[in-house]
K.L.:
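Okay, handing you the structure first.
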Number of protein chains: 2
Amino acid sequence: MLQVVAKRKTREEILELSVPLFARYGYDGVAMRDIASTVGVTPAALYYHFPDKENLYLDVVAYAFEERLAVLKKILAGGGSPRQRLEEFITENARVMATDKNFIRLMQWAALDSNEARLQKLSHCVFKDLFIAIYHLASELDDRYDPHLLAISIIGLVYFHFEAGATRHLMPGYLPHQDDPQVVAEHVIQLLHDSISETVTY
Amino acid sequence: MLQVVAKRKTREEILELSVPLFARYGYDGVAMRDIASTVGVTPAALYYHFPDKENLYLDVVAYAFEERLAVLKKILAGGGSPRQRLEEFITENARVMATDKNFIRLMQWAALDSNEARLQKLSHCVFKDLFIAIYHLASELDDRYDPHLLAISIIGLVYFHFEAGATRHLMPGYLPHQDDPQVVAEHVIQLLHDSISETVTY
DNA sequence: GTCTATACCGCGATAGAC
DNA sequence: GTCTATCGCGGTATAGAC
């Protein structure tokens, strides 16, 4: 029993401490030695908890996304009009991305992954559920738009403000308050407000 | 003279053939051995043309972007109303991203670069000019919006449709025609059409 | 300009003691 | 569960012949 507790503890600690490393440096940019020294164990110890680097990485990504995505999915499944849910989703999404820098960077790394197996696994297990929820919301919002394209646009509008974060700071017109998730959310909501007219009634 | 021509030729061939490699696998994912064998020389030969991998990479990225960005900047600097230039820019931007898969992936890698020096150099030398042009266009379009945020939104809307490409294909509602740049451009233009009202006259 | 040959290092992973 | 020790590979980069 004590062993199980200790095991769970170390395993979770490895996951927890690996998140910012993989978020910042990507799969190739993090060595097992880096993780080990961050956690305070030797590299060999990692192989007791995970079969190899590949599986450790996948577990780290799933661990990092689990909680965040659950919150977003809950909002999309909640009550209120489609328009209301859209605005709540945008606001919460901006809040998550501004709060948790690791979240967006892990998504970026995932999008670039040239390893087909990893890409499929992440797409299917991690992102698909959320996309389906947004897709359904998009279908309810305005039937003049292809819901797939509209879903991508809604995600991309928020996502890109934070994805571009590092480079955006070097560009003209940058002001610190543009990093405020509330400001970004209001901008996106305003932009979508006039574009989308409710066409489905309940 | 013959030497100079030969030198230029090989150097350019290295740049040309390295683009798809770095685009697909990123800086860490490409070995000098890979480039060498693709070009058909030995790794040592690369070090005659470039001082190290870092500089080779930077030259490759600049080489890949030069032509594409010039076209986009030209459109933004061209005549017509702000709204017209916006639509032309969106259309051409979608066309470039659909045609040249390397373009967007190199941008994605650049955005993730944890090497501060590389990030700054790329931001400043490669992207800044284009952003300034879009920023000015945004200022002319609709003064209800913060031009910096609007510029980011305009870029992000097109960008994300193609950035999400690989994962999007695994998501519900995907249809092959959504990869058509004309379809994406029309979707984005429609979306922005009702959001933006011309407020500056000429 | 390009080659052969190689130095040198850091990587993932494993064996076996404790 | 974690350690020490190590193997084998593949990475960048260089020296020096041609």
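What you see is a predicted model; the values in this text were computed from it and never measured. Lettering of chains follows the sequences in order, A, B, ..., and the numbering in each one begins at 1.
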K.L.:
For the pair made of CD in A:Glu13 and P in D:dG1, what is the distance, rounded to whole Å?
P.N.:
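The answer, rounded to whole Å, is 14 Å.
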K.L.:
Applying ring pair (Phe, Tyr, Trp, His ring centres under 6.0 Å), can you list everything that pairs with B:Tyr135, at least two apart in sequence or on another chain?
P.N.:
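B:Tyr135 satisfies ring pair (Phe, Tyr, Trp, His ring centres under 6.0 Å) with no residue once adjacent residues are dropped.
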K.L.:
Can you list everything that forms a side chain to side chain donor-acceptor pair (under 3.5 Å) with A:Glu88? Sequence neighbours excluded, please.
P.N.:
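Listed in chain order: nothing, the list is empty.
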K.L.:
In this structure, how many angstroms lie between the P atom of C:dC11 and the CG atom of B:Asp28, rounded?
P.N.:
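Those two atoms, CG and P, are 11 Å apart.
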K.L.:
Sequence neighbours excluded, which residues qualify as side chain to side chain donor-acceptor pair (under 3.5 Å) partners of B:Arg24?
P.N.:
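Testing B:Arg24 for side chain to side chain donor-acceptor pair (under 3.5 Å), a comparison that skips the adjacent residues, returns none.
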K.L.:
Rounded to whole angstrom units, what separation is found between the NE2 atom of A:His49 and the C1' atom of D:dC3?
P.N.:
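Interatomic distance, NE2 of A:His49 to C1' of D:dC3: 12 Å.
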K.L.:
Which residues satisfy the side-chain contact (heavy atoms from CB on, under 4.5 Å) test with B:His124, sequence neighbours excluded?
P.N.:
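Expected list: B:Lys128.
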K.L.:
Residues two or more places apart in sequence or in another chain: which of them pass side chain to side chain donor-acceptor pair (under 3.5 Å) with A:Gln190?
P.N.:
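Scan of A:Gln190 (side chain to side chain donor-acceptor pair (under 3.5 Å), adjacent residues dropped) gives none.
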K.L.:
Quick one: is D:dT2 close enough that its OP1 or OP2 comes under 4.0 Å of any side-chain N or O from A:Thr10?
P.N.:
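For D:dT2, OP1/OP2 do have a side-chain N/O of A:Thr10 under 4.0 Å.
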K.L.:
List for me each residue that meets side chain to side chain donor-acceptor pair (under 3.5 Å) alongside A:Arg168, sequence neighbours excluded, and say none if there are none.
P.N.:
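Per chain and number, A:Arg168 pairs via side chain to side chain donor-acceptor pair (under 3.5 Å) with A:Asp179, B:His148.
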K.L.:
Calculate the interatomic distance between A:Phe50 atom CZ and C:dT14 atom C1'; express it in whole Å.
P.N.:
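Distance, rounded to whole Å: 18 Å.
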K.L.:
List the protein contact pattern of nucleotides 12-18 of chain D with one symbol per nucleotide (5' to 3'): B for base contact, S for sugar-phosphate-only contact, - for none; contact means a heavy-atom distance under 4.0 Å.
P.N.:
BBBB---
K.L.:
Hey, is the side chain of A:Thr42 poking within less than 4.0 Å of OP1 or OP2 on D:dT2, counting only N and O atoms?
P.N.:
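Indeed not, no polar side-chain atom of A:Thr42 lies that close.
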K.L.:
Taking five pairs at each end of the helix from C:dG1-D:dC18 to C:dC18-D:dG1, what angle separates the two helix axes (nearest 10°)?
P.N.:
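Answer rounded to 10°: the end axes differ by 0°.
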K.L.:
If we count only N and O atoms by modelled type, under 3.5 Å, do the side chains of A:His161 and B:Ser153 hold a donor and an acceptor together?
P.N.:
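There is such a pair between these side chains.
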K.L.:
Run the side-chain contact (heavy atoms from CB on, under 4.5 Å) test against A:Asn55 and tell me which residues pass, sequence neighbours left out.
P.N.:
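So A:Asn55 forms a side-chain contact (heavy atoms from CB on, under 4.5 Å) with A:Pro51, A:Asp52.
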